[in-house]
Amino acid sequence: AHGRLGGNLLLNAGAEPEALDPWTIEGDFRRGANLARFLTDYLVPRSGDGMFMAYPSRVAGDTSLTQLVDLPSGAQYLRWGGRLKSFASIMGIGLEVEALGADNLVLHSAGTGLLPCAQWESVSGVFRVPAGARRARLRVSAGGRGRAAFADELFLLALGSADGGAWFE
């Protein structure tokens with residue numbers, strides 16, 4: 001049977017604790033708390049009390065939040081995704097996941113690109129783990145000038161057993 005090999009591989013996938021460990025931050029990502037208000041839009045997390053938020057002031061791609069995880073034995077597919085929101089159309093936010101070999105070279109990657117999404121949008125994908133993959137890296141990127149972008153409910157799931165692969169391939 002096809003199934004998950006454990007739970008979410010990401011730790012602190014929704015920015016619930018104040019510290020953003022074990023995420024690596026480049027640029028202007030930080031934790032946003034519930035009930036903040038900006039103009040007429042409540043910036044409320046999708047779930048829980050925290051969310052990731054970015055207020056980039058640089059060009060696209062300069063602001064990112066990254067987590068590197070080991071893949072469990074038997075992982076044949078990676079399912080990835082989360083909820084994204086950008087405060088204005090000039091701002092984009094996106095997810096990318098990479099399967100890495102023992103030498104940390106990228107063997108396969110998939111992602112959304114930078115998306116303008118005024119409301120919380122659910123994004124996800126699935127791909128076959130390439131032979132030799134040992135780790136995976138999930139990256140949230142925000143780009144554009146001004147405004148804000150948000151991420152919550154991020155996930156990276158390892159799926160096993162090829163006999164269930166047909167339902168998403």
Hphob cluster co-occupancy, Leu107 + Tyr77, side-chain heavy atoms under 4.5 angstrom: no
Between Phe155 and Gly82 the two heavy atoms that sit nearest each other are CE2-N, 3.6 Å
Cluster partners of Leu100, using ILVMFWY side-chain heavy atoms under 4.5 angstrom, listed by chain and number? Leu68, Val106
Ser122: partners by side-chain contact (heavy atoms from CB on, under 4.5 Å), with sequence neighbours left out: Arg83
Spell out, as yes or no, whether a donor-acceptor pair under 3.5 Å connects the side chain of Glu96 to the backbone of Ser109. no
Sequence neighbours excluded, the answer for side-chain hydrogen bond (donor to acceptor under 3.5 Å, both in side chains) partners of Asn8 is none
Hey, could you give me the CD/CG distance between Glu153 and Leu84, rounded to the nearest 0.5 Å? 10.5 Å
With Trp80 as reference, evaluate Thr112, Leu10, Leu9 under the side-chain contact (heavy atoms from CB on, under 4.5 Å) test and give the passing residue. Thr112
Using the side-chain hydrogen bond (donor to acceptor under 3.5 Å, both in side chains) criterion, which residues pair with Glu98? Sequence neighbours excluded. Arg137
Might you point out which heavy atoms bring Leu156 and Ala136 nearest each other, and give the distance in Å? CD2-CB, 3.9 Å
Partners of Arg134 by salt bridge (charged side-chain N to carboxylate O under 4.0 Å, His left out), sequence neighbours excluded? none
Here the gap from Leu159 atom CG to Leu78 atom CG, rounded to the nearest 0.5 Å, amounts to 7.5 Å
How is the hydrophobic cluster of Leu105 composed, in terms of its other members, when Ile, Leu, Val, Met, Phe, Trp and Tyr link through side-chain heavy atoms under 4.5 Å apart, directly or indirectly? none
For residues Ala75 and Ala158, report the shortest heavy-atom separation together with the two atoms involved. CB-CB, 4.0 Å
Taking the side chain as every heavy atom from C-beta outward, state whether Val69 and Leu138 have any pair of such atoms under 4.5 Å apart. no
Would you check, one step at a time, whether the test side chain to side chain contact (heavy atoms under 4.5 Å, CB included) holds for Asp70 with Arg135? CA-CA 4 Å; Asp70 292 326; Arg135 303 171 107 188; 3.2 Å; yes
Rounded distance (nearest 0.5 Å) linking atom OG1 of Thr63 with atom CD1 of Ile93: 10.0 Å
Are the side chain of Ser141 and the backbone of Gly94 linked by a donor-acceptor contact shorter than 3.5 Å? no
